[in-house]
Amino acid sequence: MTLTVEPLVGSTRVVVLAPDGRVVRDQAAEFRRFGISIVLRQDILAALTEVVHDPTAMLVVSADIPCQELRDVLDVAVATCGSSVLLGLTATTDTGAVGAALRAGVRSTVDLPLTAERLARTFRALPAKAASTGPIMIGNLTVDAARHRIDWAGAPVEASPREFAVMLQLAQNHPHMVALDELAAGYQGSSVDPYASVRVVINHLRSRIAQVTGARGTAIIETVRGVGYRLAG
């Protein structure tokens, strides 16, 4: 078989939290060919323990978990694992669940059942984690990667991990624009519209900023129509 996606460099450990093993299609040997090792867990505590013991591991949470429980599980998973959480999508996953997951701070999504090629492609499309740098100050706006904090004139602006990552990307590129394609890269490899997902995050950021500043969020995060976004100032 010819590989359409290059194997990952090194070995990536993936912990899958799901009701049963049907969420994984390929055999373990096929995942190993792509530099991936799979661990399947049906209990959240067992899954989180696996990730805590291996900080480089990724956690895939299946959307098959009942809706109310899914929200709670994602909150705990993101709080524990940070930006190393992906939501596994099934044919019946609705957009509401995806939106809630993104607001909770999951890093991206991936279609289930998992195949080695699909997972490798998703990992390659993930946005790089922000490096710890000094605070970026643009007028009244401060984006602090080390403290994972956004401030406006000293007042904190709440943001999920996903929202913070987008704001940091915009701040790091100021005064230049960040292309929509670049922001959407983190949502590739899933059935979710990556461009719509970015717009959801931008709208949430604008709302949060407006609550603190009293100004319209569009005055802080500008849209370059059909191309991307940039910070004003």
Side-chain angles (χ1 to χ4, degrees), residues 70-72 74-87 94-109 125-188 190 192-233:
L70 176 61
R71 289 195 292 269
D72 295 337
L74 289 175
D75 286 341
V76 173
V78 170
T80 304
C81 309
S83 59
S84 297
V85 182
L86 306 180
L87 178 66
D94 60 44
T95 56
V98 175
L102 295 177
R103 289 193 295 274
V106 300
R107 194 172 180 191
S108 189
T109 60
L126 288 176
K129 295 182 181 180
S132 294
T133 60
I136 301 173
M137 291 174 283
I138 304 169
N140 289 324
L141 177 68
T142 301
V143 182
D144 191 335
R147 298 170 62 200
H148 205 277
R149 181 183 173 101
I150 302 171
D151 288 324
W152 181 268
V157 178
E158 294 186 2
S160 71
R162 167 62 67 180
E163 293 161 0
F164 180 84
V166 169
M167 178 61 86
L168 181 60
Q169 196 169 357
L170 292 173
Q172 288 173 331
N173 285 276
H174 180 269
H176 305 293
M177 174 204 70
V178 180
L180 183 57
D181 287 343
E182 185 177 347
L183 292 171
Y187 299 92
Q188 299 294 340
S190 74
V192 177
D193 183 341
Y195 300 99
S197 299
V198 170
R199 294 185 183 101
V200 167
V201 171
I202 292 292
N203 286 339
H204 289 160
L205 276 171
R206 284 170 168 167
S207 295
R208 293 182 189 278
I209 291 170
Q211 290 173 2
V212 174
T213 67
R216 293 178 60 188
T218 52
I220 309 300
I221 302 178
E222 299 177 338
T223 299
V224 182
R225 189 169 298 279
V227 182
Y229 299 92
R230 67 185 172 206
L231 291 178

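Sequence positions, counted from 1, serve as the residue numbers for this chain.
Considering only residues two or more places apart in sequence or on other chains, Val200 meets the side-chain contact (heavy atoms from CB on, under 4.5 Å) condition with His204. Partners of Ala101 by side-chain contact (heavy atoms from CB on, under 4.5 Å), not counting sequence neighbours, listed by chain and number: Leu74, Leu87, Val106. Legend: residues meeting side-chain contact (heavy atoms from CB on, under 4.5 Å) with Asn140, ordered by chain and number and at least two apart, are Trp152, Ala153. Under the side-chain contact (heavy atoms from CB on, under 4.5 Å) criterion, Asn173 pairs with Gln169, Val178, sequence neighbours left out. By the salt bridge (Lys or Arg N to Asp or Glu O under 4.0 Å) test, Arg149 is found to be paired with Asp151, residues two or more places apart in sequence or in another chain being considered. Residues passing the side-chain hydrogen bond (donor to acceptor under 3.5 Å, both in side chains) test with Arg147, sequence neighbours excluded: none.
For the pair His174 and Ala232, the tightest heavy-atom approach, listed with the atom from each and the gap, is NE2-O, 3.7 Å. What you find for Val143 and Ala171 is that their closest heavy atoms are CG2-CB, 3.9 Å. When every heavy atom of Pro194 is checked against every heavy atom of Ala184, the shortest pair comes out as CB-O, 3.5 Å. Across Thr142 and Pro135, no two heavy atoms sit closer than the pair CG2-CB, 3.9 Å.
At a threshold of 4.5 Å between non-hydrogen side-chain atoms, the residues Phe164 and Leu205 do not count as touching. Residues Asp72 and Val76 are not in side-chain contact: their nearest non-hydrogen atoms beyond the backbone lie 4.5 Å or more apart. Side-chain atoms of Arg206 and Ile220, non-hydrogen and from C-beta on, never get closer than 4.5 Å to each other. Taking the side chain as every heavy atom from C-beta outward, Met167 and Leu231 approach each other to under 4.5 Å. Proximity of Val198 to Leu180: side-chain heavy atoms (C-beta onward) are separated by under 4.5 Å at one or more points.
Rounding to the nearest 0.5 Å places OG of Ser160 at 10.5 Å from CG of Asp75. Between Glu163 atom CD and Ile150 atom CD1 the span is 8.0 Å, to the nearest 0.5 Å. Annotation: the span from Asp181 atom CG to Tyr195 atom OH amounts to 3.5 Å, rounded to 0.5 Å. Atom CD1 of Ile221 sits about 5.0 Å away from atom CD1 of Ile202, to the nearest 0.5 Å.
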